[in-house]
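Reading through the structure tokens given below for one structure.
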Protein chains: 2
Amino acid sequence: MIRNANRKPVIDAKECDISGWDMENCPVRDVLDRIAGKWSTLLLEALSRQPFRFGELRRLVPDISQRMLTQTLRDLQRDGYIDRKVFPTKPPSVEYRMTELGHSLFEPLSKVLQWAEANHPSVKAARVKYDESELA
Amino acid sequence: MIRNANRKPVIDAKECDISGWDMENCPVRDVLDRIAGKWSTLLLEALSRQPFRFGELRRLVPDISQRMLTQTLRDLQRDGYIDRKVFPTKPPSVEYRMTELGHSLFEPLSKVLQWAEANHPSVKAARVKYDESELA
DNA sequence: AGCGCTAGTCTCTTTTTGAGACCAAAGATC
DNA sequence: GATCTTTGGTCTCAAAAAGAGACTAGCGCT
């Protein structure tokens, strides 16, 4: 006998909210939407090591456009992860340096990076397996 | 005396490569580009608790479009973080369940989520401060 | 005189994302 | 028995975001 699709859901959505998930004004989303960008993590990793100047970062991440570099740095600065310091040279040079807040964020974040490095083979294997099964 | 902007860079990009950063075939980028999406983390958090069906996830994350839900789930499945199980009901029902790999990823990832929740006030404060200084 | 360096901005094109209609078959409702 | 709902999607079109590349200004070097 085929079960009805309208079987009872695994759990009601409202119950899940109770278990500590507030959709409106969600802190996790608010914070993560910023560091989840394509370039944010990369820049944070670089700056976690030491301060860098704009051009250095550009050379360090060759396939980032100047536009996105500027924008991502500004976003990170706005959220308080990095400091921007302008030296009154001609032409002016700018140094980006990770703040305390940035370092405290990077601590757990680096664990994810380590996981990524360690489990890259598993992920690649999963992809191959998926693509093969799709092909059929 | 004003320093020349052509002062020696803090460090040469090549040196940074030596300290363990391979730009081509970078595992960190390859893995993170997937979980860095706007929705991935949200779905992983939900599925880390328990399996959910498509419609349940849609109701749980109300502002995701069906299109992006489908696509994100497929990406997560392809990378081996979740399993997709179809029940031959009419209409068919589909259950998404986190794999072992997914759980092992979520362990460090949840630390970042916790950080986000804990430090949300600091981030919001930083934004206010930044916006005020920009306003001037 | 001409080139390169600095840290960006501006514009244009391409890619990604979002909103919503549409699907087919079965169950529930009226 | 006609209609409405529900399932898990796909398809199309519009809007937003990202990428590519030109352009800026003042100084040093050749």
Side-chain angles (χ1 to χ4, degrees), chain A residues 1-10 12-13 29 33-34 36-43 46-47 51-78 82-97 134, chain B residues 1-10 12-13 29 33-34 36-43 46-47 51-78 82-97 134:
Chain A
M1 182 64 178
I2 291 177
R3 282 175 298 169
N4 183 352
N6 297 327
R7 64 195 164 90
K8 199 182 297 185
V10 181
D12 186 51
R29 297 185 73 170
D33 278 0
R34 284 283 149 66
K38 187 177 176 183
W39 306 109
S40 311
T41 326
L42 234 39
L43 295 177
L47 291 171
F52 281 108
R53 289 171 53 186
F54 186 89
E56 293 175 318
L57 289 170
R58 191 159 59 90
R59 283 186 289 275
L60 214 54
V61 187
D63 54 345
I64 193 175
S65 62
Q66 294 198 9
R67 193 181 150 281
M68 285 314 293
L69 181 53
T70 302
Q71 195 174 109
T72 308
L73 286 172
R74 233 192 279 292
D75 286 348
L76 294 177
Q77 185 197 353
R78 195 173 99 99
I82 61 178
D83 260 343
R84 180 175 180 275
K85 196 168 175 181
V86 181
F87 293 94
T89 53
K90 299 280 180 105
S93 57
V94 179
E95 187 185 88
Y96 292 92
R97 176 187 296 268
E134 282 302 290
Chain B
M1 181 59 178
I2 292 178
R3 280 176 298 172
N4 183 351
N6 297 325
R7 64 197 163 89
K8 197 185 295 184
V10 181
D12 186 50
R29 298 184 72 170
D33 277 2
R34 284 285 150 66
K38 186 177 177 184
W39 307 109
S40 311
T41 326
L42 233 39
L43 295 177
L47 292 172
F52 281 108
R53 289 172 52 188
F54 186 89
E56 293 175 319
L57 289 170
R58 189 157 60 91
R59 282 186 290 274
L60 214 55
V61 187
D63 53 345
I64 194 174
S65 62
Q66 293 198 8
R67 195 181 149 280
M68 284 314 292
L69 181 53
T70 302
Q71 196 175 108
T72 308
L73 286 171
R74 232 193 281 291
D75 287 347
L76 293 177
Q77 185 196 354
R78 194 173 99 99
I82 60 179
D83 260 342
R84 180 175 179 274
K85 195 167 173 183
V86 182
F87 294 94
T89 54
K90 301 276 177 117
S93 58
V94 180
E95 188 185 270
Y96 292 91
R97 174 187 296 270
E134 282 302 291

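Below, read A as the first sequence line, B as the second, and so on, with proteins coming before strands; counting in each chain starts at 1.
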### Query
Checking B:Thr70 side chain against B:Gln66 main chain: does a donor-acceptor pair fall under 3.5 Å?
yes
## Note on the structure
Contacts of A:Arg67 meeting side chain to side chain contact (heavy atoms under 4.5 Å, CB included) (sequence neighbours excluded), chain-then-number -> A:Ser65, A:Gln71
### Task
Identify, with sequence neighbours excluded, every residue that meets salt bridge (charged side-chain N to carboxylate O under 4.0 Å, His left out) alongside A:Arg78.
B:Asp131
Quick test: give all pairs of protein nitrogen or oxygen and nucleotides 21-25 of chain D nitrogen or oxygen below 3.5 Å, distance rounded to 0.1 Å.
none

### Task
List for me each residue that meets side-chain hydrogen bond (donor to acceptor under 3.5 Å, both in side chains) alongside A:Arg97, sequence neighbours excluded, and say none if there are none.
A:Glu95
### Task
Establish, with yes or no, whether the OP1 or OP2 oxygen of D:dT10 is under 4.0 angstrom from a side-chain nitrogen or oxygen of B:Arg74.
yes
### Message
Taking the C1' atom in each of C:dT6 and D:dG19, what is the distance between them to the nearest angstrom?
### Response
22 Å
### Query
Can you tell me if the side-chain N/O atoms of A:Lys38 get under 4.0 Å from OP1 or OP2 in D:dG19?
yes
### Task
Output the single nucleotide from D:dG26, D:dG9, C:dA7 whose closest atom is nearest the side chain of B:Tyr96.
D:dG9
### Message
At less than 4.0 Å, is any side-chain N or O atom of B:Arg84 found next to OP1 or OP2 of D:dG9? Yes or no.
### Response
yes
### Message
Let me spell it out: for each of A:Gln71 and B:Phe54, pick the nucleotide of DNA chain D with the closest heavy atom. Which residue's pick is nearer the 5' end?
### Response
B:Phe54
## Note on the structure
To the nearest angstrom, the CZ-C1' distance between A:Arg59 and C:dA7 comes to 12 Å
### Message
Does C:dG18 have OP1 or OP2 under 4.0 Å away from a side-chain N or O of B:Trp39?
### Response
yes
### Message
Under 4.0 Å from OP1 or OP2 of D:dG8: is there any side-chain N or O of B:Arg58 that close?
### Response
no
### Query
Residues in salt bridge (charged side-chain N to carboxylate O under 4.0 Å, His left out) with B:Arg34, at least two apart?
B:Asp79
### Query
Partners of B:Arg84 by side-chain hydrogen bond (donor to acceptor under 3.5 Å, both in side chains), sequence neighbours excluded?
B:Tyr96
